[in-house]
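Read the numbers this way: they start at 1 and go in the same order the structure lists the ligands and their atoms. Positions are given from 1, in the same order as the sequence printed here.
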Amino acid sequence: MVRNVPLIALAILLASGDVPTYAGADRPPVLEVVGGNEAKTGEFPWAVRLSTGCGGALTAPRVVLTAGHCVGPTGPNKKITVTAGVADLEARGAVTAHSVAVIRAPGFVTETRGDDWAVIKLDRALGLPTLDLVPDASGDTGDVTVMGWGQTGEGSLRQERRLHYATVSTIPDDTCAKAYLPTKIALVTEDSICAARHGVDTCQGDSGGPMVRRDKEGRWAQVGIVSWGLGCARDAYPGVYTQISRFRTAILAATRKIA
Ligand code: ARG
């Protein structure tokens, strides 16, 4: 979502006089693009844009998997428009569908507290390829691809018309948890995958979008969901993603329930 809770957390830290030295005035915020490339239509055919300012992925013909913080509570929901089938949201081939219901992770509170996933039922099946979830945790480390229509820089207050993607590398949970210690955000390691690369990251508006990797057959499979980060592409703060392998059974059950 475009809203940025971690920055609010930082603002509270700053306001409380507990000024973190790691993000002082000597270290200006990263304003350059978040190092991605523009995707071509058809390259990530299951990637979708939500009217809530988030991304998502079609995991069944009429089901979108996104982040919990991108939607409202579980129940009927007619408020979300999904744009799919194109990398350029204004291209002719764009197809849209509307939400009819949402199932959000039962334990969801806010993105930094884990359980950041939700499935959206659409009012119609989109005739587009769907994305499978990784079968287990064996794909949870290494190089992965992330994508979205969100900001291309922390200082850009603009959402993109074209889908961008980039490669990042996963980071061990304990390293990531340590990185976030000064912010007083306790990383929920068992629910999260952290990933980063110098100058490359997801950013505001990318939430809910898929983190993917290719399986042995060369097919994309979903490893994570864009969840949160402090700023974007700051070397000190990795991006945090919902760990699909941890929630696979629950996500599949929720999908079956509404598909
Ligand atoms: N929470 C953000 C959103 O709603 C995603 C932020 C991802 N940030 C990052 N540095 N990886 O769009």
Q: Would you please say whether a donor-acceptor pair under 3.5 Å links the side chains of S169 and R197?
A: yes
Q: Give yes if a backbone or side-chain nitrogen or oxygen of C232 is under 3.5 Å from a nitrogen or oxygen of ligand 1, and no if not.
A: no
Q: Just going by heavy-atom distances, which of S207, A195, A67 is nearest to atom 5 (C) of ligand 1?
A: S207
Q: Can you tell me which portion of S227 lies within the under-4.0 Å heavy-atom range of ligand 1? Options are side chain, backbone, both, or neither.
A: backbone
Q: Is it the case that the side chains of D116 and H69 hold a donor-acceptor pair, with the cut-off being a distance below 3.5 Å and no angle test?
A: yes
Q: Find all atoms of ligand 1 within a distance of less than 4.0 Å from any non-hydrogen atom belonging to D206, and give their numbers and elements.
A: 12 (O)
Q: Hey, is ligand 1 close enough to G205 that some N/O pair sits below 3.5 Å?
A: yes
Q: Side chains of V168 and D201, heavy atoms from C-beta outward: is any pair under 4.5 Å?
A: no
Q: I need the contact type for C70 against ligand 1. Using non-hydrogen atoms and a strict under-4.0 Å cut-off, is it side chain, backbone, both or neither?
A: neither
Q: Would you mind running through ligand 1 and noting each atom that sits below 4.0 Å from a heavy atom of D201?
A: 9 (C), 10 (N), 11 (N)
Q: Using non-hydrogen atoms of the residue, decide whether P238 is closer than 4.0 angstrom to ligand 1.
A: no
Q: Check each heavy atom of L230 against ligand 1 and say whether those closer than 4.0 Å belong to the side chain, the backbone, both or neither.
A: neither
Q: Does at least one non-hydrogen atom of H69 fall below 4.0 angstrom from an atom of ligand 1?
A: yes
Q: Report yes or no: does a heavy atom of C203 sit under 4.0 Å from some atom of ligand 1?
A: yes
Q: Report the member of V146, T112, T52, T202 with the shortest heavy-atom distance to atom 11 (N) of ligand 1.
A: T202
Q: Under a 4.0 angstrom heavy-atom cut-off, which atoms of ligand 1 come close to Q204?
A: 2 (C), 6 (C), 12 (O)
Q: Do Q222 and R213 have side-chain atoms, one donor and one acceptor, less than 3.5 Å apart?
A: no
Q: Should you measure from each heavy atom of G239, which atoms of ligand 1 turn up under 4.0 Å away?
A: 11 (N)
Q: Are any of the side-chain nitrogens in E160 or R158 under 4.0 Å away from the carboxylate oxygens of its partner?
A: yes
Q: Just wondering, do L131 and F44 contact through their side chains at under 4.5 Å, heavy atoms?
A: no
Q: In terms of side-chain heavy atoms, does N37 have a donor or acceptor partner in H164 at a distance below 3.5 Å?
A: no
Q: Any side-chain to backbone donor/acceptor pair from R124 onto T96? Under 3.5 Å, distance only.
A: yes
Q: On a heavy-atom basis, which atom in E38 and which in Y165 lie closest, and how many Å separate them?
A: O-CE2, 3.6 Å
